[in-house]
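Working notes, structure below.
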Amino acid sequence: MPFLATALDRVKPSATIAVTDKARELKAAGRNVIGLGSGEPDFDTPANIKLAAIHAVEAGKTKYTAVDGIPELKQAIIAKFQRENGLTYKPNQIIVGTGGKQVLYNALMATINPGDEVIIPAPYWVSYPEMVALAGGESVPVVCTAEFGFKLQPAALEASITPKTKWIILNSPSNPTGAAYSRAELKALTDVLVKHPHVWVMTDDMYEHLVYDDFEFTTPAQIEPKLFDRTLTVNGVSKSYCMTGWRIGYAGGPAELIKAMSTIQSQSTSNPCSIAQWAAVEALTGPQDFIDAHNKVFKERRDLVVSMLNQAAGIDCPRPEGAFYVYPSCAGTIGKTAPSGKKIETDQDFVTELLEAEGVAVVQGSAFGLGPAFRISYATKTSDLEDACKRIQRFCGNLR
Ligand SMILES: Cc1ncc(COP(=O)(O)O)c(C=O)c1O
């Protein structure tokens, strides 16, 4: 009898973490490597947020808290949803978890029965299909090509809904493409969803604040109030507030669902870190001006990377609306030969050869459900990005 659970057969380890680990390994071996694989801001957590955590420790806020979050943080989240999204929640409609990742995972664990289908527009964040698999469900990837800005089209959504559909997971701005739905684009999708009352909406709004060029962020329950009672609006402080290591995410949704998620949390991890929760209160209620300052830098980096990649032979890089990712196609390099003599047949070959030849770590698009392409995270020092793009240009120029 195998020792490990059969559930593990259904799950792949994270490709993004694998690339980050590989880059770290090469660096430790003395190679000059630029890692563009990791999905976290290079900016430090703002000082006022760190101070709030220090004060929490000093004040002895170091005990277990309510499983679903301290009342003060729930109030801050309620105020945030009201202020920024026009959504009105009560405390029993809010849950705080150990990162957005746990919130999404618990929602799936709390709702998926064997055979339930979850629609996932591709390219997708690597964890969605794996979480669905762990929960015993079936993911239904719907490929959204660059031609449509990597966005799900209403007809494709309609065609993918079956009587077994339980959820659709939407993620705007998107990891890995940076694509974000305009109000009109999202409304076209919510118009379809309104007609299918058995389909619930899980919206992952983690990159809400990271949008550029005056793009206006919107979220499904705000656009279509008829969906409010079957939408889980997931968000967190990791990306906007540079708090990836603090592990605080949250969601607003129907009380019955929130209660079920809280039950799972209570028997697995209990409350998220008490100190990080107090830091998150400060993040959501304190000054917000650093977000604009960071966005100015992110936008400059996006423009730099898009422009430099489009000068690389065989690369085609769309300009996304938000997040800190670009998702260029490397279709024009397929069939060519790398300096090592290896023929590039897939995007996996492209990223492996790029790392070997030029020491630039990116993630292959096939890991996100659409290739041949790769994802670059531009949440990295601008000088390193410029260097990395020059190396990519050189690598592509040297392909024969
Ligand atoms: C789309 C998306 N959702 C959720 C998460 C998880 O965020 P957290 O760090 O809060 O768990 C990430 C992190 O990479 C992400 O990219």
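From a predicted model like this one, the values you see are computed outputs, not experimental measurements. Counting starts at 1 for both ligands and their atoms, following the listed order. When reading the values below, keep in mind they use all heavy atoms of this one structure, side chains included, and skip hydrogens, waters and symmetry mates.
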Is there a donor-acceptor pair under 3.5 Å between the side chain of N271 and the backbone N or O of Y64?
no
Discussion item. Less than 4.0 Å is my threshold; does some heavy atom of K239 fall inside it relative to ligand 1?
Written reply: yes
Would G236 count as a contact of ligand 1 if the rule is a heavy atom under 4.0 Å away? no
closest protein heavy atom to atom 12 (C) of ligand 1 is W125 CZ2, 3.5 Å
Do R375 side-chain atoms and G37 backbone N/O form a donor-acceptor pair below 3.5 Å? yes
Worksheet item: Can you find an N/O atom of S238 closer than 3.5 Å to an N/O atom of ligand 1?
Response: yes
If we only consider heavy atoms of W246, is any one of them less than 4.0 Å away from an atom in ligand 1? no
Exercise. Has ligand 1 got any nitrogen or oxygen that is less than 3.5 angstrom from a nitrogen or oxygen of N175?
Worked result: yes
**Q.** Side-chain ion pair, K343 and D349, N-O less than 4.0 Å
**A.** no
Look at the aromatic rings of F298 and F324 and report parallel, tilted or perpendicular, splitting at 30° and 60°. tilted
_Quick check: do I315 and T333 have side-chain heavy atoms less than 4.5 Å from each other?_
yes
When distances are taken from atom 9 (O) of ligand 1, the protein heavy atom at minimum range is R247 NH1, 2.8 Å
Quick look: M206 vs ligand 1, heavy-atom contacts under 4.0 Å, and the answer is side chain
Note: ligand 1 atoms sitting under 4.0 Å from heavy atoms of Y128 are 1 (C)
Checklist entry - If only atom types and distance count, is the side chain of D384 paired as donor or acceptor with the main-chain N or O of T380 below 3.5 Å? => result no
Near G100 (heavy-atom distance under 4.0 Å), the atoms of ligand 1 are 8 (P), 10 (O), 11 (O)
Indicate yes or no: does K151 engage E321 in a salt bridge with an N to O separation below 4.0 Å. yes
Query raised in the report: Hey, does N171 sit under 4.0 Å from ligand 1 if you only count heavy atoms?
Result: yes
| query | So F81 and Y250, would you call those rings parallel, tilted or perpendicular, with 30° and 60° as cut-offs? | reply | perpendicular
Notebook entry, point to check: When clusters are formed by joining ILVMFWY residues with side-chain heavy atoms under 4.5 Å apart, either directly or through shared neighbours, do L385 and L210 land in the same one?
Noted result: yes
Ranked by distance from atom 1 (C) of ligand 1, the top protein heavy atom is D204 OD2, 3.3 Å
Taking only non-hydrogen atoms of G99 and a 4.0 Å limit, the atoms of ligand 1 in range are 10 (O), 11 (O)
